[in-house]
Amino acid sequence: MKIATWNVNSVRARHDRLLAWLAAHRPDVLCCQELKVTDEAFVEEVFPAGELAAAGYHAVTHGQKTYNGVAILARTEPTGVARGMDDGVADPQARAIAADVAGVRIVNAYVPNGQSVGSDKWDYKLAWLARLGDWLARSADPSDKLIVCGDFNIAPRDCDVAHPDAWAESVLCHPDARAALAKLLAWGLVDVLAEHHPAGGVYSWWDYRRMAFQRHDGLRLDLLLATAPLAGKCTAADVDRDQRKGTKDDKPSDHAPVIATLDV
DNA sequence: ATGGTTGCTTAGCAA
């Protein structure tokens with residue numbers, strides 16, 4: 001199984017690039033974040049007339065207008081679809097979707113950014129991560145074939161940040177955010193890209209501003225986390241930096257896809 | 001310290 005996660009930063013703006021990427025890489029599963037469209041617009045406006053099906057993909061979405069929105073695209077039909085975390089919290093932000101694809105449970109998460117440490121959005125980020133952990137503990141087991149992936153808006157280690165000192169106190173690197181991620185991993189998940197690149201220096205997000213990509217000033221915020229039965233069968237994990245290249249005329253997302261190959 | 005850019009929506013928010 002080839003599985004990828006990609007924050008597309010508007011699926012409408014990334015329509016052409018997304019279809020071209022699917023055609024070139026043919027992942028079995030692609031988890032997208034920041035769709036910025038409703039479920040209705042995804043089907044009727046972004047990919048009308050069965051455009052995705054013609055490309056060989058099923059799609060299940062949990063979208064909203066303007067902000068957030070997540071999708072699981074797969075070459076076989078996803079089943080057991082869950083939108084949101086089913087925990088009774090009235091969360092207006094569409095940031096989580098899960099489904100079974102080819103015998104693997106896929107959880108696609110768009111973790112809140114948090115804006116600034118101490119803000120209301122920061123509190124929401126930490127609470128959201130705690131809810132994600134509760135949801136996993138309630139609905140899955142570390143012995144399951146499970147992937148939790150997405151944009152975590154957390155760089156796990158200093159070696160996942162080009163300039164760690166500059167970001168140390170940011171919402172992306174703050175010890176409380178890293179502790180929340182560590183708690184998820186301790187439940188029974190392995191960061192498969194970190195396993196394949198222990199020295200770090202592999203990034204998945206570069207700010208649009210200040211020529212960050214050209215200056216190699218990035219962070220690894222997009223993660224593929226696998227339970228032990230799957231992590232042991234991961235043969236490759238990489239970032240497709242090519243998708244972040246080019247000028248604004250090429251309309252790259254500010255994130256690049258992270259891809260893993262699992263021998264299942 | 002501030003602002004730099006992109007996307008959605010059309011002045012301002014979120015990232």
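Naming: A, B, ... by sequence-line order, numbering from 1 per chain.
A heavy atom closer than 4.0 Å to some atom of DNA chain B occurs in no member of residues 165-180 of chain A.
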Footprint string (nucleotides 2-11 of chain B, 5' to 3'): B base within contact, S backbone only, - free, heavy atoms under 4.0 Å: -BBBSSSS--

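Sorted by first then second residue, the side chain to side chain donor-acceptor pair (under 3.5 Å) pairs that include residues 168-184 of chain A, not counting sequence neighbours, are Asp158(A)-Arg178(A). Here side chain to side chain donor-acceptor pair (under 3.5 Å) pairs that include residues 45-57 of chain A, with residues two or more places apart or in two chains, are Arg12(A)-Glu45(A), His15(A)-Glu51(A).
Separation of the C1' atoms belonging to dA11(B) and dT6(B) is 16 Å when rounded to the nearest angstrom. Comparing dA15(B) with dG4(B), their C1' atoms sit 13 Å apart, to the nearest whole Å. Across dT9(B) and dA14(B), the matching C1' atoms stand 13 Å from one another, rounded to whole Å. Rounded to the nearest Å, the gap between the P atom of dA1(B) and that of dT10(B) is 35 Å.
Under a hydrophobic clustering in which Ile, Leu, Val, Met, Phe, Trp and Tyr are joined whenever their side-chain heavy atoms come within less than 4.5 Å, directly or via other members, Leu262(A) and Leu193(A) fall into the same cluster.
Side-chain atoms of Arg244(A) never come within 3.5 Å of backbone atoms of Ala256(A) as a donor-acceptor pair (strictly under, hydrogens ignored). Of the possible donor and acceptor atoms, none in the side chain of His196(A) sits under 3.5 Å from a partner among the backbone N and O of Ala260(A).
Evaluation of the side chain to side chain donor-acceptor pair (under 3.5 Å) rule for Asp134(A) yields no partner, not counting sequence neighbours. Considering only residues two or more places apart in sequence or on other chains, Arg157(A) meets the salt bridge (Lys or Arg N to Asp or Glu O under 4.0 Å) condition with Asp160(A).
Within 4.0 Å of Tyr110(A), counting heavy atoms only, lie sugar-phosphate atoms of the nucleic acid but no base atom. In this structure, Arg95(A) reaches the sugar-phosphate backbone alone: every heavy-atom distance under 4.0 Å involves primed, P, OP1 or OP2 atoms, never a base.
Ring geometry for Trp205(A) versus Trp167(A): interplanar angle over 60°, hence perpendicular rather than tilted (30 to 60°).
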Intermediate values then yes/no, salt bridge (charged side-chain N to carboxylate O under 4.0 Å, His left out), Arg105(A) and Asp100(A): CA-CA 4 Å; Arg105(A) 185 68 174 168; Asp100(A) 296 304; 3.2 Å; yes

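Rounded to whole angstrom, the span from the CD atom of Glu34(A) across to the C1' atom of dC13(B) amounts to 13 Å. Straight-line distance from the CG atom of Leu219(A) to the C1' atom of dA15(B): 13 Å, rounded to whole Å.
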